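Notes follow once the structure below has been shown.
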Amino acid sequence: MKTQVVIVGAGPAGLLLGQLLHRAGIDSLLLEQRSGDYVLGRIRAGVLEQGTVDVLEHAGVAARLRAEGLAHDGVEIGFRGFRHRIPLKELTGKQVTVYGQTEVTRDLMEARAATGAPTVYEAENVTLHDIGGSPRVTYRHRGENHEVACDFIAGCDGFHGVSRRSVPADTITTFERQYPFGWLGVLADFAPLWDELIYAASDRGFALASMRSQTRVRCYIQCPIEDTVDRWTEEEFWAEFGRRIGPDIAARLPRVPALEMSIAPLRSFVAEPLRFGKLFLAGDAAHIVPPTGAKGLNLAVSDVFYLYEALRGFFREKTTSGLDGYSARCLRRIWRAERFSWSMTRLLHSFPGDRFDERMQRAEIEYLLDSPSAQAALAENYVGLPL
Ligand code: APR
Ligand code: PHB
């Protein structure tokens, strides 16, 4: 078998790339090691930049997003018992859209199924061959071995995927920062008691009040990196969340069972470059941001959009300039999002230990809350830098 592009990984990055390529008349085969249900079961962030919404529109998958997405004009920062609103729209002219990554993925899966383009779920032992020459991908599915020749491979297989691991070690450089805490998150069905997202820097640690819809909330608290979900009951979660987010909300939190409860570690990671011969990395395969600021999905979407433009240029106009410039174009945006996610993480979480650092952090938050230009800089990054 032969196709133009083999896409490894059917998360949002791989699915979106497949959809954009399909609309440009470029064939792809999508290989995913898990089942579709497993992919939809992963709970991730849910804040879309306007540029992300525009790309989803361009891909023809924004109908439900347009109908159900919640437009937010601001976010709140909680600090020392008070909440301060950052008016995103007033400061930047732009909004963000609250719409879960699971829903984006579901819309993309349905679009792919409707096009009839081939997708193999539960593809085992996906292996990349000859990425510097005539690339091929082999895999095993339902007990049979398969081999596909292609012009290009898109590595959209996330942080733990096979693509980044398939390049010669001396051709890749990685940059990493681990944080000494994780986020314990709960998904629950009740109407949000907050109009906009609240990022709270309390003395007890960070908390985030988010939402998925008018009837579903997503809340997080900073927890020690060694914590496991079984060390927390739902009651303990809500009690701690309430103490960090503020007494007005704590007093009104309903007692409803959690739909999901999980812990995610926080990490910053970048691999350079994003191109190795005929292999192009995109999304979490190439970079991870800590979730503070919700840049992960938005960054995956901008990589994919650049890759789509580059591949379209190659197949339609026979120009390689997009492919040649892909890595540098992505990395410019990636490092800015890394910087923002890292600075939001540093600003809002408790890093116990160094008293000087604690005072610096407090001064930085106070400066932000007093300074319109510092707020404008936060807002500019939060709504998304231009694609
Ligand atoms: N073979 C085939 N598929 C694989 C392999 C493999 N060896 N390894 C991983 N995969 C699949 C995973 O099962 C997953 O479905 O690749 C997919 C990668 O999807 P994501 O991890 O969601 O990554 P991406 O599509 O880049 O989406 C980025 O996810 O983590 C968030 O913050 C991030 O929101 C951002 C988004
Ligand atoms: C979420 O709703 O899951 C969410 C929102 C904003 C973030 C991170 C996660 O910064």
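Whatever order the structure lists ligands and atoms in, that order sets their numbers, starting from 1. Here the structure is a predicted model, which is why all the values come from computation and not from measurement.
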Could you check whether His287 and Phe269 have their ring centres less than 6.0 Å apart? no

Check the orientation of His146 and Tyr139. Use parallel for under 30°, tilted for 30 to 60°, and perpendicular for over 60°. parallel

What does the list of residues with a heavy atom under 4.0 Å from ligand 1 look like, ordered by chain and number? Val8, Gly9, Gly11, Pro12, Ala13, Leu31, Glu32, Gln33, Arg34, Val39, Arg42, Arg44, Gln101, Val126, Cys156, Asp157, Gly158, Gly161, Val162, Gly283, Asp284, Gly296, Leu297, Ala300

Filter the ligand 2-protein atom pairs down to N or O on both sides and distance under 3.5 Å, then list them.
| residue | atom | partner | partner atom | Å |
| --- | --- | --- | --- | --- |
| ligand 2 | 2 (O) | Ser210 | OG | 2.5 |
| ligand 2 | 2 (O) | Arg212 | NH1 | 2.7 |
| ligand 2 | 3 (O) | Arg212 | NH2 | 2.9 |
| ligand 2 | 3 (O) | Tyr220 | OH | 2.5 |
| ligand 2 | 10 (O) | Tyr199 | OH | 2.7 |
| ligand 2 | 10 (O) | Pro291 | O | 2.8 |
| ligand 2 | 10 (O) | Gly293 | N | 3.2 |
| ligand 2 | 10 (O) | Ala294 | N | 3.2 |

Taking the basic N atoms (NZ, or NE/NH1/NH2) and the acidic carboxylate oxygens, is any pair closer than 4.0 Å for Arg85 and Glu76? no

Verify whether the ring centers belonging to Phe152 and Phe314 lie closer than 6.0 Å. yes

For the side chain of Thr115 and the backbone of Ala117, is there at least one donor-acceptor N/O pair under 3.5 Å apart? yes

Check for me whether the distance between the ring centres of Tyr179 and His349 falls short of 6.0 Å. no

When you check the side-chain N and O atoms of Tyr382 and Tyr199, is any donor under 3.5 Å from an acceptor? yes

Under-4.0 Å salt bridge between Glu317 and Arg312: no

On the ring face of Phe356, is Arg359 found with NZ or CZ under 6.0 Å from the centre and within 45° of the axis? no

